[in-house]
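Notes for the one structure printed next.
Naming convention: chains lettered A, B, ... in sequence-line order (proteins, then strands); numbering from 1 in each chain. Because only heavy atoms are used, hydrogens play no part in the values below, and waters and symmetry mates are left out as well, while side chains stay in. Keep in mind that what you see is a predicted model, and the values were worked out from it rather than measured.
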Amino acid sequence: MLFLFYIQYNRYAEFYRQIIYISNDSNLPNVDWINQKSAYTMETQQQLDDFQARIDAGDKIEPKDWMPERYREQIIRMGSQHAHSEIVGMLPEGNWISRAPSLKRKLVLLAKVQDEAGHGLYLYSAIETLGVRRSELIDQYLYGNAKYSSIFNYPTLSYADVCVIGWLVDGAAIVNQTKLAHSSYGPYARANLRICKEESFHKKQGYEMVAKLAEGTPAQRKMVQSAVDRFWWPTLMMFGPNDSNSPNSAELLKWQVKLNTNDELRQHFVDRVVMEAEAVGLTLPDPDLKFNDETGHWEFGEIPWDEFWDVVKGNGVMNRERIKSRRKAHEDGAWVREAAQAYARKKNLSREKAS
Amino acid sequence: MNTTKELSVKESKIAYLLRLADDRLILGQRMSEWCGHGPVLEEDLALANMALDLIGHASSLYAYAAEIEDEGRDEDHFAYFRDDYEFTNLQLCELPKGDFAFTIARQFLFSSFSYYQYQQLKEAKDEQFAGMIDKHFKEVKYHLRHSRDWVLKLGDGTEESNKRMQDAFDELWMYTGELFYIDGVDEMMLAEGNGADLLSFKDEWKKLVEDTLTEATLSVPDWDQFMMTGSRTGMHTEHLGHMLAQMQFLRRSHPDADWK
């Protein structure tokens, strides 16, 4: 009886998914709901065991390989969040392109923001191998519940913020993405590998500029310290909740979508950044930072998790503005996308006529 | 137009380089406003790429002008420490970015003009200058192809896109006359073997524009309508001042700081 229900349900979910594919209507029901329910697909224990064996042997899973539905969902969830983050991430830094203080810095910043658009593109393409469309994923974050990294809901108040973002935020992203480059899903791993190369360059440029500001005029020093003070805790939050409070982690680790826990990665990052901050004479705003001789790690104070959850829920300084701004770009561009489609149709038609 | 004084060869060369550079900086700055706000992700990349090319090119032209000037200044001096009336870019380049059709129409008009201009300049006697132009000629060709493709797509796309594209060209038309403005600076550079003979390709350029608009099912506005003049000698719309205020404020607030 139950078995029949599953089959029936699954067919229904498949039907629904097809409707979503062919429709651009953003008011469709939340796709997450359908995806979650479709986890009830009949997957035999044998299939699951074989899949786990492949993962454990370090095999890469490719788009046409069999995979548990839940694995597929997790890759889509995580990968598209990652892609959305790249796109929204263009806004806080893009905020300083027009005001960058030298032509060289303007070019560096413009190239960096352009790279982020490129990263978004790699990631969306990687996720599309799982049979979802980019337009659908974009609708989910513009009009649905899909998340992006909360760090981008903080404002960039000075040019130094952009440099500190390069150093800290890209630095943290690299720690994450270097690990994700070994993720079990082939296309996602390869996208991350490419991203890492460019991201390392961004981090290097950011740190160089931070160093320059830190030894610059009093105004430059004040600017860069203020940026560090404001971005330090939000950067640590980028690694996600503590392991004890991270509901998706166990499954992601089991399937080697992720290879390290949030806390492990965060610790790795802190250990490195403390030294980098010292090297340029900047103060990290945490009185509890101290080196533990026994563990060989830097201990740090309690992360302000209340703030984290507030921003996740939409109450950061820039949450509303970011979404508003992305929606505006998307909606203002609708006529362009329609025109491009209409033109392509006309061209195809005349080509068919000709042949 | 040259009512003030005869310019020396050196002064003409600097003025010529600044005109080329100002066009590209100001247009690049406008183009960069799209970054993160494009109609589709691929276009975010393409528009940012064009902005990068234009500003990068401006930067090397300014640096060369500073080198010739030999007063210990650099490319940033020209970009950050001059006022509206000292800029000699075309008004075409400073107009607000408008909608995507406006951005594309302007880019097409500018890139097609640059294409012919650069074809001549890359043969300049001054090898350093010619090398710089040659390097960027490849980018100009890409900008022309990209903007021309979009003129066709939007012109021959939907009713709405056709209307927007037509409106854009209609609005921009009176700023095209200045593309072919010629004064003593141009004549001096041409005589020195380092200038482009604008009149030599005017008809060819007009034909390219007309053919493209026609293929895009757009009507060609009247070439004989009133045309703006004056930007090569410092006359601008009020839009430029606001753009410069934004572009220059940080650098000017801390003139002694090192930002490179």
Side-chain angles (χ1 to χ4, degrees), chain A residues 83 87-107 109-111 113-118 120-121 124 134 138 158-159 209 212-213 215-220 223 325-326 328-347, chain B residues 25 28-49 51-52 55-56 58-59 62-63 74-76 78-80 99-101 104 150 152-162 164-165 243 246-254 256-260:
Chain A
I87 302 306
V88 179
M90 294 171 76
L91 298 173
E93 291 177 276
N95 184 33
W96 281 89
I97 291 173
S98 66
R99 295 176 287 173
S102 71
L103 290 178
K104 181 183 165 193
R105 290 295 145 195
K106 190 188 287 290
L107 291 167
L109 186 56
L110 190 49
V113 179
Q114 188 200 23
D115 280 349
E116 279 154 18
L121 208 54
Y124 282 127
R134 195 208 301 178
I138 288 175
S158 82
Y159 173 72
M209 199 59 207
K212 186 181 277 286
L213 296 174
E215 60 178 26
T217 63
Q220 284 177 310
M223 219 181 261
S325 170
R326 288 303 312 161
K328 184 172 187 317
H330 187 70
E331 288 161 14
D332 286 356
W335 70 270
V336 178
R337 298 189 297 273
E338 281 160 21
Q341 281 171 5
Y343 182 78
R345 271 197 301 274
K346 283 184 200 174
K347 286 290 136 185
Chain B
L25 174 64
Q29 174 86 1
R30 275 289 179 238
M31 190 62 103
S32 75
E33 291 172 14
W34 279 101
C35 196
H37 307 279
V40 59
L41 196 44
E42 283 78 356
E43 218 38 40
D44 258 317
L45 281 160
L47 297 174
N49 210 40
L52 268 172
I55 299 169
S59 178
Y62 283 138
D74 64 5
E75 67 276 15
D76 285 345
F78 296 112
Y80 289 93
D99 65 2
F100 186 67
I104 287 298
W150 272 111
L152 298 178
K153 280 183 207 168
L154 299 179
D156 195 13
T158 62
E159 203 177 315
E160 181 181 5
S161 69
N162 176 277
R164 285 177 184 260
M165 206 68 228
M243 179 202 271
Q246 193 176 44
M247 186 171 87
Q248 298 174 333
F249 105 90
L250 178 59
R251 182 58 179 264
R252 288 197 184 194
S253 307
H254 308 273
D256 301 327
D258 177 9
W259 295 105
K260 274 195 170 176

Could you check if a side-chain atom of [X] sits within less than 4.5 angstrom of a side-chain atom of [Y], using non-hydrogen atoms only?
| X | Y | value |
| --- | --- | --- |
| Val40(B) | Val336(A) | no |
| Phe100(B) | Asp332(A) | no |
| Met90(A) | Cys35(B) | yes |
| Leu152(B) | Tyr343(A) | yes |

Legend entry - By salt bridge (charged side-chain N to carboxylate O under 4.0 Å, His left out) - contacts of Arg99(A) (at least two apart): none

Legend entry - Partner residues of Glu33(B) under the salt bridge (charged side-chain N to carboxylate O under 4.0 Å, His left out) criterion, sequence neighbours left out: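 Glu33(B) satisfies salt bridge (charged side-chain N to carboxylate O under 4.0 Å, His left out) with Arg30(B) only.
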
Which atoms of [X] approach chain A - backbone, side chain, both or neither, heavy atom under 4.5 Å:
| X | result |
| --- | --- |
| Arg252(B) | neither |
| Gln246(B) | both |
| Leu47(B) | neither |
| Ala79(B) | side chain |
| Ala101(B) | both |
| Asn162(B) | neither |
| His37(B) | both |

Legend entry - Heavy-atom closest contact (Pro101(A) atom, Arg251(B) atom, distance): O-NH1, 2.8 Å

Inset, instruction - Considering non-hydrogen atoms only, spot the tightest contact between Gly118(A) and Leu45(B) and give its length. - result: N-CD2, 3.6 Å

With chain B as the partner, which of [options] has the greatest number of non-hydrogen pairs under 4.5 Å?
| options | value |
| --- | --- |
| Ser98(A), Gly120(A), Ala342(A) | Ser98(A) |
| Glu331(A), Arg105(A), Lys104(A) | Arg105(A) |
| Ala344(A), Gly94(A), Ser158(A), Ala111(A) | Ala111(A) |

Inset, instruction - For atom NZ of Lys346(A), decide whether the heavy atoms of other residues, nucleotides or ligands shown that lie under 6.0 angstrom number more than 12. - result: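 Yes - once you tally the heavy atoms of other residues, nucleotides and ligands closer than 6.0 Å, there are more than 12.
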
Inset, instruction - Inspect the surroundings of NZ in Lys328(A) and state if more than 12 heavy atoms from other residues, nucleotides or ligands are less than 6.0 Å away. - result: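 Atom NZ in Lys328(A) is not packed in, count stays at 12 or less.
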
Just so I understand: if I count every heavy-atom pair under 4.5 Å between each of [options] and chain A, which residue has the most?
| options | value |
| --- | --- |
| Arg164(B), Glu75(B), Glu159(B) | Arg164(B) |
| Leu25(B), Thr158(B), Asp156(B) | Asp156(B) |
| Ala51(B), Pro39(B), Ser32(B), Ser59(B) | Pro39(B) |
| Phe249(B), Tyr80(B), Trp34(B) | Tyr80(B) |

Enter the distance from [X]:[atom1] to [Y]:[atom2] here, rounded to the nearest 0.5 Å.
| X | Y | atom1 | atom2 | value |
| --- | --- | --- | --- | --- |
| Asp99(B) | Trp335(A) | CG | CH2 | 5.0 Å |
| Leu110(A) | Leu52(B) | CG | CG | 4.0 Å |
| Glu116(A) | Asp44(B) | CD | CG | 11.0 Å |

With a 4.5 angstrom heavy-atom cut-off, which part of [X] approaches chain B: side chain, backbone, both or neither?
| X | result |
| --- | --- |
| Thr217(A) | side chain |
| Gln220(A) | side chain |
| Lys106(A) | side chain |
| Leu213(A) | side chain |
| Leu103(A) | both |

Inset, instruction - For the residue pair Trp259(B) and Tyr159(A), categorise the inter-ring angle as parallel (less than 30°), tilted (30 to 60°) or perpendicular (more than 60°). - result: perpendicular

Inset, instruction - Return yes if some donor-acceptor pair links the side-chain N/O of Glu338(A) with the main-chain N/O of Ser161(B) below 3.5 Å, else return no. - result: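 No, the answer is negative, given that no donor and acceptor are paired below the 3.5 Å cut-off.
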
Legend entry - Ion pair check, Arg134(A) and Glu42(B), cut-off under 4.0 Å: yes

